[in-house]
Amino acid sequence: MARVVQKFGGTSLADIEHIRRAAQRAVAEVKAGNEVAVVVSAMAGTTDQLVAWVDEIAGRDDSAEYDSVVSTGEQISAGLFALAVESLGVPARSWMGWQVPVATEGGHGRARIQKINAADVVGDMEKGTIPVLAGFQGIGPDRRVTTFGRGGSDTSAVALASALKADRCDIFTDVEGVFTADPRIVATARKLDRITYEEMLELASQGAKVLQTRSVALAMKHRVRLQVLSSFLDTPGTLVVGEEEIVEQEIVSGIAYSRDEAKITLLKVPDRPGVAAGIFGPLADADINVDMIVQNVSEDGSATDLTFTVTRNDFGRAQEVIEANKKSLNYQSLILDSQVAKVSVIGVGMRSHAGVAQRMFQTLSEKGINIQVISTSEIKVSVLIAEEYTELALRALHTAYGLDAA
Ligand code: ADP
Ligand code: ASP
Ligand code: MG
């Protein structure tokens with residue numbers, strides 16, 4: 001007997017018919033003699049609608065109320081899912097985050113799971129009842145509902161799998177697995193049979209929203225056996241595994257992109273010690289994450305230009321912070337640009353192979369695409385380009401690295 005966590009995303013629960021089909025998958029596992037716990041996301045489009053209503057009234061100023069509104073989509077789908085399972089003759093019950101409880105820390109809107117008390121969920125499974133957990137939500141130290149950031153029900157599923165010491169965590173979604181690039185943009189993308197935790201972590205954090213980044217980090221830490229697979233087809237998905245489980249490692253495993261980027265350039269800041277600290281200190285104090293940074297050498301040793309990127313969400317605030325410090329930073333002027341995208345090439349094989357970055361630069365130059373900022377890690381090269389070239393860059397790179405499906 002295996003213990004399995006099944007997570008269903010929004011498109012897999014888009015309407016009652018979809019919920020019924022998803023419920024059949026859970027029931028099939030039970031009939032096969034396994035123990036199953038289910039985690040559900042909100043029905044497709046629901047969370048977007050809830051977020052839009054909050055924004056229309058008040059923006060994000062009261063993040064506790066934001067959480068109490070946007071978490072509700074999962075309550076609906078958990079209840080409906082439990083009803084669908086029961087209509088198939090198997091007992092089920094829904095669990096809200098606070099009922100389990102899924103204890104969180106770190107405030108509202110982007111809370112982190114601290115602990116899941118899984119005893120009652122285990123009790124359900126042991127007596128043959130399928131527990132259906134509302135994903136994306138928990139309870140904070142203030143005893144109010146919290147949420148985990150968009151896509152957060154993936155993290156609920158992995159955290160539950162870890163708490164239950166599950167043999168498998170299956171993430172059912174609207175694609176057949178993890179592809180070499182977003183299959184909605186790169187038609188020639190290939191499904192990967194396996195990918196390492198590390199590569200999946202980079203892919204997710206560089207924009208491939210097939211899994212929430214935090215869910216991958218958690219799976220890697222607790223060695224949860226994660227599988228991404230289609231809820232519509234009966235085909236094997238992609239296993240996310242440790243490096244030792246991959247026999248022949250590709251140099252490049254995948255390409256990701258993110259349009260959630262904005263660029264700020266400070267022209268003619270004094271070229272002296274302490275300037276970078278003066279810029280990034282106030283940004284950090286304002287809780288703004290800076291991603292890519294490039295600083296030019298100065299022509300005459302006195303002044304230089306400095307460029308950095310933030311998420312589009314933080315763009316306005318970052319501008320305010322920099323402008324509020326104009327006097328002490330002593331720059332001449334700002335250039336602001338939110339029409340940029342980041343494209344990243346990822347693969348653990350980069351550690352042992354030279355020339356990966358060069359192929360990227362060469363390919364983009366052949367397409368006439370200007371690179372604005374570059375950043376690298378051990379297994380990743382990212383470039384910032386004009387947003388209008390995103391698709392062109394992705395497809396050209398996909399071909400250049402030999403990733404196209406045969
Ligand atoms: P769910 O509602 O099931 O959580 P998401 O929309 O969050 O689904 O994630 C699935 C989507 O992720 C796919 O529809 C696909 O467009 C997108 N995606 C982006 N990059 C990739 C990739 N490398 N492989 C697979 N899917 C990807
Ligand atoms: N429903 C939430 C969202 O749309 C959580 C999730 O789908 O994972 O972000
Ligand atoms: Mg998702």
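Counting starts at 1 for both ligands and their atoms, in listed order.
- Geometrically, ligand 2 and T47 share a nitrogen or oxygen pair separated by less than 3.5 Å.
- Results of the side chain to side chain donor-acceptor pair (under 3.5 Å) test with E202 over S377, S253, S344 single out S377 as the only residue that passes.
- Set against the non-hydrogen atoms of V178, the atoms of ligand 1 under 4.0 Å away are 24 (N).
- Remark: ligand 1 and L203 share no N or O pair separated by less than 3.5 Å (distance only, no angle test).
- Atom 8 (O) of ligand 1 has T173 OG1, 3.1 Å as its closest protein atom, hydrogens excluded (heavy atom only).
- Shown in contact with F179 at under 4.0 Å from a heavy atom are these atoms of ligand 1, numbered in order with element: 22 (C), 23 (N), 24 (N), 25 (C).
- Among all non-hydrogen protein atoms, the one lying nearest atom 3 (C) of ligand 2 is R150 NE, 3.3 Å.
- For atom 2 (O) of ligand 1, the closest heavy atom belonging to the protein is G10 N, 3.1 Å.
- Classification of D170 and R225 as a salt-bridged pair fails, no side-chain N sitting under 4.0 Å from a carboxylate O.
- Each of K263, R312, K342 was compared with E387 under the salt bridge (charged side-chain N to carboxylate O under 4.0 Å, His left out) criterion, and only R312 meets it.
- For the ligand labelled ligand 2, residue G151 lies inside the 4.0 Å heavy-atom shell.
- In this structure, atom 7 (O) of ligand 2 lies nearest to the protein heavy atom S41 OG, 2.7 Å.
- Scanning the protein for heavy atoms near atom 1 (N) of ligand 2, the closest one is E74 OE2, 2.6 Å.
- Nearest to atom 27 (C) of ligand 1 among the protein's heavy atoms is V210 CB, 3.7 Å.
- Looking at R184 next to ligand 1, an N or O pair under 3.5 Å apart turns up.
- Cation-pi check for K7 over F172 is not met; the charged atom does not lie both under 6.0 angstrom from the ring centroid and within 45 degrees of its normal.
- A salt bridge between R20 and E17 is present, with a side-chain N of the basic residue lying under 4.0 Å from a carboxylate O of the acidic one.
- Of the heavy atoms in P183, only side-chain atoms (C-beta onward) come closer than 4.0 Å to ligand 1.
- For the pair E176 and K191, the salt-bridge criterion is not met [side-chain N within less than 4.0 Å of a carboxylate O].
- Across the listed options K209, Q206, K191, K209 owns the non-hydrogen atom lying nearest to atom 5 (P) of ligand 1.
- Between F232 and H18, a ring centre-to-centre spacing shorter than 6.0 Å is recorded.
- Looking at S230, S12, A208, A44, it is A208 that brings a heavy atom closest to atom 20 (N) of ligand 1.
- Scanning all protein heavy atoms for the shortest distance to atom 8 (O) of ligand 2 gives S153 OG, 2.5 Å.
- Assignment of G152 to the shell around ligand 2 is supported, since a heavy atom sits closer than 4.0 Å.
- The pair D67-R110 does not count as a salt bridge, with every side-chain nitrogen at least 4.0 angstrom from each carboxylate oxygen.
- In this structure, Q212 falls outside the shell of residues with a heavy atom less than 4.0 angstrom from ligand 2.
- The nearest protein atom to atom 13 (C) of ligand 1, hydrogens excluded, is given as D174 OD1, 3.5 Å; this is a heavy-atom distance.
- Salt-bridge annotation for D154 and K209: absent, with no side-chain N of the basic residue lying under 4.0 Å from a carboxylate O of the acidic one.
- Note on ligand 1: K7 sits in its first shell, one or more heavy atoms being nearer than 4.0 Å.
- Comparing G207, S231, G177, A42 by heavy-atom distance to atom 25 (C) of ligand 1, the nearest is G177.
- For S258 and E261, the side-chain atoms include at least one donor-acceptor pair closer than 3.5 Å.
- Of the N or O atoms in V175, none lie within a sub-3.5 Å distance of an N or O in ligand 1.
- The side-chain heavy atoms of Y66 and T147, taken from C-beta on, include a pair separated by under 4.5 Å.
- A salt bridge links R144 with E65: at least one charged nitrogen is closer than 4.0 Å to a carboxylate oxygen.
- By the criterion of a heavy-atom distance under 4.0 Å, neither the backbone nor the side chain of Q212 is placed next to ligand 1.
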Open item on the list: Determine whether E391 and R259 satisfy the following criterion, salt bridge (Lys or Arg N to Asp or Glu O under 4.0 Å), listing intermediate values before the conclusion.
Closed with: CA-CA 11 Å; E391 283 90 353; R259 296 180 200 272; 2.9 Å; yes
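- Counting heavy atoms under 4.0 Å from ligand 1, residue D182 touches it through both backbone and side chain.
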- [ ] For the pair E243 and R194, evaluate salt bridge (Lys or Arg N to Asp or Glu O under 4.0 Å) and give the outcome as yes or no after the intermediate values.
- [x] CA-CA 10 Å; E243 226 173 293; R194 284 166 187 249; over 6 Å; no
